[in-house]
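Numbering starts at 1 and runs along the sequence shown.
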Amino acid sequence: MTPAPIAVALDAPDLETAARWASLVTPHVSTLKVGLELYLRYGPDVIASVQGASGVKVFLDLKLHDIPNTVAGATRAVARLRPAILTVHATGGPAMIQAAVEAAPHTEIAAVTVLTSLSAADLAAIGIEGSPEDAVRRLSVMSVEAGAKALVCSPHEVAGVRAAVGPGITLITPGVRPAGADSQDQARVATPEQALADGADLLVIGRPITGSADPGATAASIAASLRRS
């Protein structure tokens, strides 16, 4: 059975917990997402620890954001780990995105547009004009023109982004919550079924799976619901 297009966010307090979650969910999902907390605490070894012998894809979510030369160096440093996906912040600009793309030709560089925790009021407070949808669309088009092969946006913007960038770009959507789940600190959310229907390629799901009593069973249940839809 083909694993579901889900990246499980392994936001664990320690490496042992992350590896346990990974072993439980990998039969059911295509990707494991390693974020800042785990990577900064345990370094490059975390990739092998969660991947094990499964061969599951690893999504390294470091959200690099600095001058182009620094981002190029950081990207080269992690590219040797062969992550399937590496994130950079779109607001770093086209030269920075291009530098990351050129530094890791075998990794899909994903530009993070607007964090799913940000509302319209938050954007206004930091000086970004317009609605989240407008900001995401502008950043998406710019990022693709700079060479990004993937984009990270909330489920609320995915249909508009797909229309703007076409079919060849991987759209990754955090802020995905199964029906009835708590939205927690995410401001712009949708169900897995709706996100896929709107054009998402990879759904990032963390706490609804890892915070459940049985992460493996929960991942299997969500994967089954996606196949039915």
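- Under the 4.5 Å side-chain criterion, counting only non-hydrogen atoms from C-beta, S30 is in contact with L202.
- For the residue pair K33 and A7, the shortest heavy atom distance occurs at CB-CB, 4.5 Å.
- The hydrophobic clustering, which links ILVMFWY residues whose side-chain heavy atoms are closer than 4.5 Å, places L36 and V88 together.
- Rounded to the nearest 0.5 Å, atoms CE (M96) and OG1 (T70) are 11.0 Å apart.
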- Determine, step by step, whether F59 and V204 satisfy the side-chain contact (heavy atoms from CB on, under 4.5 Å) criterion, reporting the C-alpha distance in whole Å, the side-chain angles of both residues, the deciding distance to 0.1 Å, and the verdict. CA-CA 10 Å; F59 171 6; V204 178; 3.9 Å; yes
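- Within the 4.5 Å cutoff, the side chain of L62 has heavy atoms near those of the L86 side chain.
- Taken to the nearest 0.5 Å, the CD1 atom of I47 stands 5.0 Å off from the CG atom of L60.
- Of all the heavy atoms in A4 and L226, the pair that sits closest is CB-CD1, 4.3 Å.
- By the 6.0 Å contact criterion, NZ on K149 is open, its count of non-hydrogen atoms from other residues, nucleotides or ligands being 12 or less.
- Inspection of the Q194 and T191 side chains reveals no N or O donor paired with an N or O acceptor under 3.5 Å.
- Under the 4.5 Å side-chain criterion, counting only non-hydrogen atoms from C-beta, R162 is in contact with L171.
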- Task: Before giving the answer on side-chain contact (heavy atoms from CB on, under 4.5 Å), spell out for I128 and R138 the whole-Å C-alpha distance, their side-chain angles and the decisive distance to 0.1 Å.
- Result: CA-CA 11 Å; I128 296 179; R138 290 194 306 269; 4.1 Å; yes
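- Side-chain contact between D61 and Y39: absent, with no pair of heavy atoms (C-beta onward) separated by less than 4.5 Å.
- The shortest non-hydrogen separation linking A9 to T210 is O-CG2, 3.8 Å.
- For residues 71-112, the pairs satisfying ring pair (Phe, Tyr, Trp, His ring centres under 6.0 Å) are H65-H89, with sequence neighbours left out.
- Taking 4.5 Å as the limit, every side-chain heavy atom of P132 sits out of range of all side-chain heavy atoms of L118.
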- Message: I'd like to know whether I209 forms a side-chain contact (heavy atoms from CB on, under 4.5 Å) with V25, so could you lay out the CA-CA distance, the side-chain angles of the two residues, the decisive distance to 0.1 Å, and finally the verdict.
- Response: CA-CA 9 Å; I209 291 176; V25 304; 3.9 Å; yes
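- Taking the side chain as every heavy atom from C-beta outward, S131 and D134 approach each other to under 4.5 Å.
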- Query: Does the pair S154 and T116 meet the rule for a side-chain hydrogen bond (donor to acceptor under 3.5 Å, both in side chains), with working shown?
  - Reply: CA-CA 6 Å; S154 95; T116 52; over 6 Å; no
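- Considering every non-hydrogen atom in both Q51 and V56, the closest pair reads NE2-O, 2.8 Å.
- Rounded to the nearest 0.5 angstrom, T107 OG1 and R76 CZ are separated by 13.0 Å.
- Here CD1 of I85 is found 10.0 Å from CD1 of I109. Values are rounded to the nearest 0.5 Å.
- Looking at S221 and H28, their side chains never come closer than 4.5 Å, going by heavy atoms from C-beta outward.
- Closest approach of A79 to A104, counting heavy atoms only: CB-CB, 3.9 Å.
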- Give the intermediate values and the outcome of side-chain contact (heavy atoms from CB on, under 4.5 Å) for residues V161 and L151. CA-CA 9 Å; V161 170; L151 298 164; 3.7 Å; yes
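- I169 CD1 to S140 OG: the interatomic distance, rounded to the nearest 0.5 Å, is 9.5 Å.
- The shortest side-chain heavy-atom distance between L38 and L10 falls under the 4.5 Å cut-off.
- Around atom CD of E16, more than 12 heavy atoms belonging to other residues, nucleotides or ligands sit under 6.0 Å away.
- For T26 against S23, the heavy-atom pair with the smallest separation is OG1-O, 3.6 Å.
- Judged by distance alone, the side chain of S49 and the main-chain N or O of D45 form a donor-acceptor pair under 3.5 Å.
- For T113 and E157, the side-chain atoms include no donor-acceptor pair closer than 3.5 Å.
- A donor and an acceptor atom, one from each side chain of T170 and D201, are nowhere located under 3.5 Å apart.
- A distance of 10.5 Å separates CD in E145 from CD1 in I97, rounded to the nearest 0.5 Å.
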